[in-house]
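Everything below concerns the one structure shown next.
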Amino acid sequence: MGHLRQAELVGYGVTTVSALYFARDAPTLWALCPANAKKFLRRLVVWTAGCGAAVRIAPDAARRILFPSATTVSAGCLVYLVAVAAARTGKVSIRARSLAKCARLLLLFGAPELILEAAADPESADMCALLAMLLGSVLGGKGAITANVVILLMLTGGEALEDLAFSRAQGSIASLIRQLEVADSAVVLRALKGSTLEEIEVAADSVAVGDTVVIRPGGRVPVDGVIINPPSGACATPEPDALTVDEHLLTGESGATARGVGDVMYSGTTVATGVAFLRARQVAQSSALALMRNELTAAMEQRRPSAMETMAQTASTLFTPFALALAAIGHKASRRRALRASMSRTPGGATLFAWETALAVLMAATPCPLSIGVPVSFLSGLSRAARLSVTIKSGTALEGLARATAVVLDKTGTLTTGHQSVSHFAAYCVGPDRETRGGAGPALPLACVAMLERASGSTHPVATALWRYFAAQEQPEPIIEVLSITSEPGMGVAGRLVVRGQGEVLGTDTPECVVWIAVGTERWLEKCGMAWARPPRGSGSHVFYGISVDTMHNVPVAPARRDEDPVPRAELLVPASASPRFCGEARVNDPVRTGAKEFVARLQSMRGVKVKLLSGDRSPVLQSVAKDLGIAAFDVDCCLPAEKAAHIVALREAGHCVVMVGDGANDSAALAAADVGVSIGVNDLASSASDVVLSGREDSLETLIQLLAVARKTVRVASAGVKYGMSASVAQMVLASFGYLKPTTSAILQECVDLVTVGNAVRAL
């Protein structure tokens, strides 16, 4: 900020010195001004003042009545220029006086709005063009008048082109926002007298957490929820395995997908076949669809500019002092040349020649590559990303993707499918000496593990896999009540349960008893006081558990609790009085995504990009996945979620621009710590912490590769526009300062630069 402030002060100083220099010669110029030019300037001042007063009184009505549209003014300027060209070729006979009147009429109707806008916001206005228009009106020659019309065409036509480019870039984004509208109504089950349930249609906003929502074929899911079995008394009973849904709006995948009891359905999903009974777990305003729509709308309405856009805006504000200084230098040099030539014999000849040179410099000065080209390029890039079903929250994220030098990948759900399944579940008895004995029946331990995972509310793929494995056994469900629970991301979950009717299995004389259970990594079991829970064959497993029975305390009487009520949270440490009963292991398979190996290879082939794999999984599993994907061993780290953020910070401190790609809530800290956080799938915490949100479809990795290509193209197009556009503008200004370009020629060349700049910026679409 210190350097920026110094640059602004230098710009103010240069502007002041240039203005003082021109002010010395202004009286002489006014004395040489033709009478008709003075008359026009007085009319322009009076008309502009009247328009300004009207705008203050009734802004909307005054702008609609007094100011013609930019397209209308541009069309008038084009007609005038065509008439001038036809008159000069002799094909049409038009008097010069009539052309001058038409030009002044165009300026009288087109200039006031531009002048008022510049007075209200001088930093964003093209002051060089307005000063050139004013100076051309004072000079009053044929060439100056024509140049003024070209300048007016540049200002109004540039505004029209900018609006066209922005509307084209925003078209696909606006279309996607319209598709993300939440359903207006929902059908819920309400209990009448007795046990009868009736379907009632209500507003989607009135659906509360825990309500049962019914969605029939063709219906759209209004809120996020979990599929449940039809309640007793419901009027529709769907066929088993008959429920299929269309999730293309969220995932981009066309076609029907089968869903069953226990699966999560997100708002925006359409039921294809069958009848879905959904227990709402979010209100409509907090649903996945509403989250995506709000983020996309906020990204467009409150779009934070990228560093390149900020730099371009700053440079464009410093461009005016530079142009004024060059115009002053050209004015002084031209005056000296004119005084040495025959022009000095003509009254005012040297003065008029010097001012025409300054006018040519100002007309050649265009900050369009900075002020218009860069923002249009980035908005075009955001629009292209929206067509990939990607939400980018700021231009800074797009620029960060283009400049990425390190891409950090999470494993579970990012490089793997995230659809984990339990391939092996074992239980072992633990003797009084805490030594592992032979195998035991896995039914009760599995039930305890599954009920604990379900009560924790965890959306981790391993927790979901354990519950599904238990549900697939089709065995009688023991009576288990969860009293309290605690968990730690990346480690595991532990809790205190009441098990009823299983005293014989647990080795106790009482029909019900308190059970302490911990499920997770070996480190987690040690932390919970179950270091003894080490199965004899644990090398190939991912999840371990231990179960102890508290024989010293009676079963507490807990108040009645509904299914949707949260389980009390507590710090758990297995007491010494608890006797170990079981330990065991579960092997969980999570296949690598299709195309993950090609994705990693393409990342590694990008120039200057380093690929790193971070995961909380065990080191042997992580190394195996890395080997399959072609990631070197020294680029793989096994760490907890909190440690991921530290790794990200270390990479940034080493000078890398870091892109973190994750999919779960446990990745939120790492996503927030990276230069650009990319979340895959619909997850409230991960999405809010990230800068880029990808849909959770199967080809999301390919989408990420395409997004990186879009980001690089966007920055490349914006940089090329600034480099070549500003070079052309400065070259024209230098040529004009030496007297090689006339005002009309400078204005036409400047218009060509603006057209090429906007056309180049739209290439990012």
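Numbers here are sequence positions counted from 1. On a predicted model such as this, the values are computed, not experimentally measured, just so you know.
- At least one side-chain heavy atom of V207 sits under 4.5 Å from a side-chain heavy atom of V213.
- Across all non-hydrogen atoms, the minimal contact from C528 to A494 is SG-CB, 3.9 Å.
- For the atom pair CD of E488 and NZ of K527, the computed distance is 3.5 Å after rounding to the nearest 0.5 Å.
- A donor-acceptor pair under 3.5 Å links the side-chain atoms of D211 to the main chain of A208, judged by distance alone.
- Closest approach of V543 to V519, counting heavy atoms only: CG1-CG1, 3.5 Å.
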task = May I have the step-by-step check of side-chain contact (heavy atoms from CB on, under 4.5 Å) for L278 and T212, ending in yes or no?
result = CA-CA 5 Å; L278 205 69; T212 300; over 6 Å; no
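- From K597, atom NZ reaches atom CG of D628 across 7.5 Å, with rounding to the nearest 0.5 Å.
- The two residues V422 and A465 make their nearest non-hydrogen contact at CG2-O, 3.7 Å.
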key: Intermediate values then yes/no, side-chain contact (heavy atoms from CB on, under 4.5 Å), V692 and V390   = CA-CA 7 Å; V692 179; V390 177; 3.5 Å; yes
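- Side chains of Y545 and E585: a donor-acceptor N/O pair is absent below 3.5 angstrom, by distance only.
- Atom CG in L704 sits 4.5 Å away from atom CZ in F599 (nearest 0.5 Å).
- Residues Y469 and F425 have side chains in contact (heavy-atom distance under 4.5 Å, counting atoms from C-beta outward).
- Nearest heavy atoms, A596 versus L701: CA-CD1, 3.8 Å.
- Side-chain contact between C583 and I547 is absent, with no heavy atoms from C-beta onward closer than 4.5 Å.
- I648 and M660 make their closest contact through CD1-SD, 4.1 Å (heavy atoms, listed as atom of the first residue, atom of the second, distance).
- The distance from the CD atom of E522 to the CE atom of M530 is 14.5 Å, given to the nearest 0.5 Å.
- Ion pairing between a basic and an acidic side chain is recognised when a charged N comes within 4.0 Å of a carboxylate O; K644 and D410 show such pairing.
- The heavy-atom pair separating F544 from L525 by the smallest distance is O-CD1, 3.7 Å.
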task = Could you go through the side-chain contact (heavy atoms from CB on, under 4.5 Å) check for V271 and M265 one step at a time?
result = CA-CA 10 Å; V271 174; M265 288 179 65; 4.2 Å; yes
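- Under the 4.5 Å side-chain criterion, counting only non-hydrogen atoms from C-beta, V499 is in contact with L444.
- V408 has its side chain out of reach of V659: every pair of non-hydrogen atoms, C-beta onward, lies at least 4.5 Å apart.
- For the atom pair CZ of R496 and CD1 of I517, the computed distance is 14.0 Å after rounding to the nearest 0.5 Å.
- Rounded to the nearest 0.5 angstrom, I480 CD1 and R454 CZ are separated by 11.5 Å.
- Using a 4.5 Å heavy-atom threshold, the side chains of V493 and L452 count as touching.
- At least one donor-acceptor pair closer than 3.5 Å links the side chain of T244 to the backbone N or O of T273.
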query = Do V187 and V202 pass the side-chain contact (heavy atoms from CB on, under 4.5 Å) test, and can you show the C-alpha distance, the side-chain angles, and the key distance before you say yes or no?
reply = CA-CA 6 Å; V187 177; V202 299; over 6 Å; no
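- Contact check for L497 versus V514: no side-chain heavy atoms found under the 4.5 Å cut-off.
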